[in-house]
Each structure stands twice: as structure tokens, then as C-alpha cells.
Amino acid sequence: MRIVMVGGGVIALLTAMDCVSAGHDVILLDQGDIPFTGATSFDRNRVIRAQHTDDPDARVAAVRAHYRWIELESLLSTRIYERIGSLTMNATDRIPGARVVGPDELAAYPTVAFPDGATALHESHAGILLADRVLAACAGWLRWHPRAELRPHRRVVAVDADRATVRFADGGELAGDAVLVAIGPWSRDLLDPAIAGELVLRRQSMIYCDVPDPAAWAGVPTIRSLGPTEGAWLVPPIAGAALKLSADSACRVVDEVGDNTTPPHWRDHLIEVFADIVPGVRRDHVIDARDCYYLSRESTKGAMVAALGDRVLSHAACGGTSFKFAPLIARSLAQRLTGADPEPTGIASLDRVVRPSLTRGVS
Ligand SMILES: Cc1cc2nc3c(=O)[nH]c(=O)nc-3n(C[C@H](O)[C@H](O)[C@H](O)COP(=O)(O)OP(=O)(O)OC[C@H]3O[C@@H](n4cnc5c(N)ncnc54)[C@H](O)[C@@H]3O)c2cc1C
């Protein structure tokens with residue numbers, strides 16, 4: 001089969017790898033470079049952990065994804081997964097390899113000011129995926145594969161779901177035996193309003209800080225649910241990256257995908273949020289900031305897969321946690337595209353493919 005993939009983020013890249021490994025031909029198109037620095041997937045790191053309050057299926061899926069990432073690391077022969085562990089404040093979920101730690105053990109991380117009496121769930125198998133390295137390694141792997149062709153700077157402006165064909169701004173078309181549209185936060189551009197109307201776009205700011213004493217951060221896991229509202233999170237400085245800080249309060253609903261520049265107001269907001277959480281970090285330690293976008297289905301707050309036709313699938317909403325699940329999502333998408341029995345991801349919102357009757361190829 002010849003499969004056309006629109007998008008060069010983690011979802012399309014991993015799906016393309018699965019398709020060519022199964023003996024199919026893939027043409028992968030992106031509006032920018034491959035990888036594209038403006039993609040949601042493009043950052044120094046993304047967290048993988050199994051803690052999901054009230055969602056045991058997602059916990060199991062995260063554990064499966066952990067093993068898939070280890071397999072991918074071996075396939076790509078590149079260090080992409082730092083298993084530094086994760087702490088989730090005030091959580092008690094039952095997860096293999098996780099246990100609740102109290103104030104005595106939290107005192108081992110003096111760079112973070114935990115509230116008196118705080119407890120946290122420590123997942124020793126969790127960690128961070130080196131996202132930009134993942135994208136570069138996947139694109140490099142595909143570039144050398146005889147069944148894969150990467151075409152950067154090819155923006156798709158329409159998808160004809162009946163003919164499994166995509167159209168470009170110059171009027172040119174490209175047909176496949178199957179088409180995957182995995183364009184992350186831009187997905188609404190190529191979807192029928194019947195689906196697009198269900199999706200909400202969010203923009204989130206992050207700041208990156210130099211730390212005065214990097215050695216003091218050695219062994220610190222990624223930490224979630226910090227601060228009085230439990231909405232703050234951090235990724236410690238690791239693998240050459242700076243300390244990354246963000247908070248749910250720096251996430252807002254927006255109308256469209258804009259640039260990745262963080263407005264000063266949101267930088268200041270994050271410095272304020274972290275003033276009492278990471279007391280050593282000051283305004284002049286901020287060396288970079290970045291805004292990223294994700295699209296989620298309003299009813300589930302998560303990702304969504306839609307069948308636009310018999311041969312056209314869309315990973316229509318990327319969701320705020322799809323990076324870690326990407327190997328599971330990709331396997332399932334590749335199997336659906338090639339007519340194989342899809343292996344469930346275990347995540348209901350992804351396994352229940354939306355089939356809107358109104359959907360047709362659109363602008
Ligand atoms: C602030 C933030 C923090 C996050 N943290 C985590 C985390 O810790 N763990 C986790 O698992 N997930 C996390 N996520 C979510 C995760 O990063 C995304 O779900 C995932 O990266 C989405 O990948 P994607 O391939 O669907 O989309 P993208 O990476 O955005 O890729 C889409 C690609 O499509 C291309 N494209 C767009 N329109 C067109 C077009 N018309 N024609 C051709 N190409 C087009 C774009 O150029 C882009 O390269 C986070 C998201 C955000 C915003």
C-alpha cells in the first residue's frame with residue numbers, strides 16, 4: 001500500500017515507522033521542516049509517568065508505552081529516554097514500581113520547597129522523553145528507509161476523504177491507498193466543522209531557567225501537582241536542558257495557533273508561581289521561554305481519532321499527554337490504515353474512533 005501522512009510530529013513519524021516496517025510505502029508531508037521547530041512535539045523534553053487519577057486504563061497504557069519507548073530507544077540507537085523518576089504530590093495511585101514517600105524522603109530534594117508534611121507518589125520507572133531528539137532520530141531513520149519519503153514544506157490545504165487524496169495550495173494533488181492526517185493543534189484547519197467544533201485549542205507557556213547550582217539538582221525527578229493549587233510542574237535540568245517550569249494557570253484557550261513566543265506577562269506569572277516552590281530561582285535565571293499549543297476534545301479533555309472516510313484517518317485532537325502514548329497510538333493508527341486488526345491503545349478516547357456522518361474533504 002502507499003500511505004500519505006500529513007504532519008511530521010511524533011504521531012505521524014512513529015506511524016510512518018510502523019507502516020514501512022510492515023512493508024508499506026509512506027510519503028510524509030509537513031508544512032515546515034521535518035522535524036518542525038513549531039510543532040507541539042518539538043521541545044527539549046516531555047514527561048512520561050503512569051499516574052492518572054481516576055483512570056486505571058491510562059495507567060496501564062502508560063506502563064505499556066514505557067516499554068515501547070525502551071524498544072524504540074534500541075531501534076533508533078539513540079538515547080531518548082531518561083528514567084529519572086517522577087513525583088506527583090498528594091497522589092496515592094497503585095502503580096507498579098511506585099510508592100508514597102513522605103517528608104523525610106522529600107527532604108532529599110532540597111532545591112524544591114515542599115509544604116510541611118507533604119507526601120508524594122514516587123514512580124521510579126517514569127521519566128522524560130528527549131522530545132527533540134526523538135523527532136530527529138525518527139526523521140533520520142525514515143530518511144534512510146527505502147520505503148519512506150519525507151517531503152518538507154508541503155502544506156496540505158484540503159483532504160478529499162472519498163478519493164483518499166490531499167490537495168496543495170498550488171492545486172496539485174497527491175493520492176494514497178490510505179491517508180493519515182496528524183497535524184496536531186492545526187487539525188481544525190482540515191476537518192469538517194462537525195468535528196472541528198468539538199475541539200478546543202489551548203496555549204501554554206513554559207520558562208527555562210539556568211540554575212545556580214546544577215549539582216544540587218542531581219537525582220531530582222520530574223515533579224507534578226506543586227503549589228497551593230497543585231497546578232505547577234517542573235522538569236529538572238537534565239541532558240543539557242535547562243530547568244523547565246510551567247503551571248496549569250499558564251494554559252489558556254485561544255482561537256488559533258500563533259507563534260511560540262511567550263508574552264512577558266506569562267513569563268512573570270510563572271516566575272511568581274514558582275517563587276515559593278523553587279526559592280533559588282530568580283527572574284534573571286530565565287534563559288528562555290516558549291509557548292506550545294494542543295487541541296483536545298471538549299467532552300473528554302483528551303485526544304480524538306476520527307475516520308474521515310473508509311481510507312482516511314485523522315488524529316484529530318492531539319491532547320496534552322499524547323507524546324508519551326505516541327508509540328501505542330502510532331501502532332493502532334498504522335494497523336487501521338493498513339487494514340490490520342488494530343491493537344487497542346487501552347485509552348477509550350483513542351480506541352473509539354469517531355465516524356461523523358457529515359464529514360467530507362474540506363478546506
Ligand atoms: C505545554 C505542553 C506540554 C506537554 N507536555 C506533555 C508531556 O509532558 N507528556 C506528554 O505525553 N505530552 C505532552 N504534551 C502533549 C504532546 O506534546 C502532544 O500531544 C504531541 O506532541 C502532539 O503530537 P502531534 O504529532 O499530534 O502534533 P505536532 O507535534 O504538532 O505535529 C503536527 C505537525 O503537522 C504539521 N502541519 C500542520 N498543519 C499542516 C498542514 N496543513 N499541512 C502539512 N503539515 C501540517 C506541523 O507543521 C507539525 O509538524 C504537551 C503539550 C503541551 C502544549
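In each ligand, atom 1 is the first atom listed, and ligand 1 is the first ligand listed.
- Note: Leu337 CG to Thr15 OG1 = 7.5 Å, rounded to the nearest 0.5 Å.
- In summary, the atoms of ligand 1 found under 4.0 Å from a heavy atom of Lys324, numbered by their order in the structure, are 10 (C), 11 (O).
- Those atoms of ligand 1 with a heavy atom of Tyr293 less than 4.0 angstrom away are 53 (C).
- In this structure, Arg64 is not positioned above the aromatic face of Tyr67 in the sense of NZ or CZ being under 6.0 Å from the six-membered ring centre and within 45° of the axis.
- With rounding to the nearest 0.5 Å, the separation of CG in Leu14 from SG in Cys138 is 4.5 Å.
- With a heavy-atom cut-off of 4.0 Å, Phe325 does not touch ligand 1 at all.
- Taking CZ of Arg167 as the reference point, atom CG of Leu174 lies at 13.5 Å (rounded to 0.5 Å).
- Only side-chain heavy atoms of Gln204 come within less than 4.0 Å of ligand 1; its backbone N, CA, C and O stay farther off.
- In terms of N/O distances under 3.5 Å, ligand 1 is not approached by Trp233.
- Considering each of Val181, Leu14, Val47, the one bringing a non-hydrogen atom nearest atom 7 (C) of ligand 1 is Val47.
- Contact annotation: for Phe323 versus ligand 1, heavy atoms closer than 4.0 Å belong to both the backbone and the side chain.
- Residue contacts with ligand 1: Trp186 is placed with no nitrogen or oxygen under 3.5 Å of a nitrogen or oxygen of the ligand (distance criterion only).
- In terms of polar-atom proximity, Val156 is counted as a contact of ligand 1, with an N or O under 3.5 Å from an N or O of the ligand.
- Below 4.0 Å from some heavy atom of Pro185 lie the following atoms of ligand 1, by number and element: 30 (O).
- Cation-pi check for Arg252 over Trp266 is met; the charged atom lies under 6.0 angstrom from the ring centroid and within 45 degrees of its normal.
- Residue-to-ligand polar distances place Thr40 within reach of ligand 1: an N/O pair is separated by less than 3.5 Å.
- Considering backbone and side-chain atoms alike, Gln31 places an N or O below 3.5 Å from some N or O of ligand 1.
- Remark: distances from the non-hydrogen atoms of Val6 to ligand 1 include one below 4.0 Å.
- The cationic group of Arg154 lies under 6.0 Å from the six-membered ring centre of Phe168 and within 45° of the ring axis, placing it in a cation-pi geometry.
- Side-chain atoms of Thr78 and Arg133 form no donor-acceptor pair, as typed in the model, at a separation below 3.5 Å.
- The shortest N or O to N or O distance between Phe36 and ligand 1 is not under 3.5 Å.
- Among all heavy-atom pairs drawn from Gly97 and Ser124, the shortest one is O-OG, 2.9 Å.
- Residue Arg154 touches ligand 1 through its backbone alone, judged by heavy-atom distances below 4.0 Å.
- Remark: the backbone N or O of Leu199 is paired with a side-chain donor or acceptor of Arg188 at under 3.5 angstrom.
- Closest to atom 21 (O) of ligand 1, if we only count protein heavy atoms, is Ser41 OG, 2.9 Å.
- Contact annotation for Ala131 and ligand 1: no heavy atom of the residue comes within less than 4.0 Å of the ligand.
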Going through the checks in order, is the salt bridge (charged side-chain N to carboxylate O under 4.0 Å, His left out) test met by Lys244 and Asp288?
CA-CA 9 Å; Lys244 181 162 92 172; Asp288 199 6; over 6 Å; no
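- The ligand atoms of ligand 1 that sit less than 4.0 angstrom from a heavy atom of Gly319 are 15 (C), 18 (C), 19 (O).
- Using a 4.0 Å cut-off to heavy atoms of Cys292, the atoms of ligand 1 that qualify are 1 (C), 53 (C).
- Given atom 14 (N) of ligand 1, the protein heavy atom at minimum distance is Gly320 O, 3.0 Å.
- Between Val253 and Val200, the closest side-chain pair of non-hydrogen atoms falls below 4.5 Å.
- Less than 4.0 angstrom separates some heavy atom of Tyr294 from each of these atoms of ligand 1: 53 (C).
- At least one N or O atom of Val10 sits closer than 3.5 Å to an N or O atom of ligand 1.
- Looking only at distances, a side-chain donor or acceptor of Thr222 sits under 3.5 Å from a matching main-chain atom of Leu234.
- The main-chain N or O of Ala317 is never found under 3.5 Å from a side-chain atom of Arg297 such that the two would form a donor-acceptor pair.
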Residues Asp25, Arg2; criterion salt bridge (charged side-chain N to carboxylate O under 4.0 Å, His left out); working and verdict
CA-CA 5 Å; Asp25 295 318; Arg2 175 162 105 155; over 6 Å; no
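- With ligand atoms numbered from 1 in the order given, ligand 1 contributes 19 (O), 22 (C), 26 (O) to contacts under 4.0 Å with heavy atoms of Cys318.
- The protein atom (non-hydrogen) at minimum distance from atom 2 (C) of ligand 1 is Arg46 NH2, 3.9 Å.
- Contact atoms of ligand 1 toward Gly9: 25 (O), 29 (O), 31 (O), 33 (C) (distance under 4.0 Å to a heavy atom of the residue).
- Remark: the backbone N or O of Asp291 is paired with a side-chain donor or acceptor of Asn260 at under 3.5 angstrom.
- For the residue pair Ser86/Arg224, the side-chain donor-acceptor check at 3.5 Å is not satisfied.
- Selection from Leu29, Ile183, Leu135 by nearest heavy atom to atom 36 (N) of ligand 1 gives Ile183.
- In Asp30, the parts holding a heavy atom less than 4.0 Å from any atom of ligand 1 are both the side chain and the backbone.
- Any N or O atom pair closer than 3.5 Å counts here, and Leu190 shares no such pair with ligand 1.
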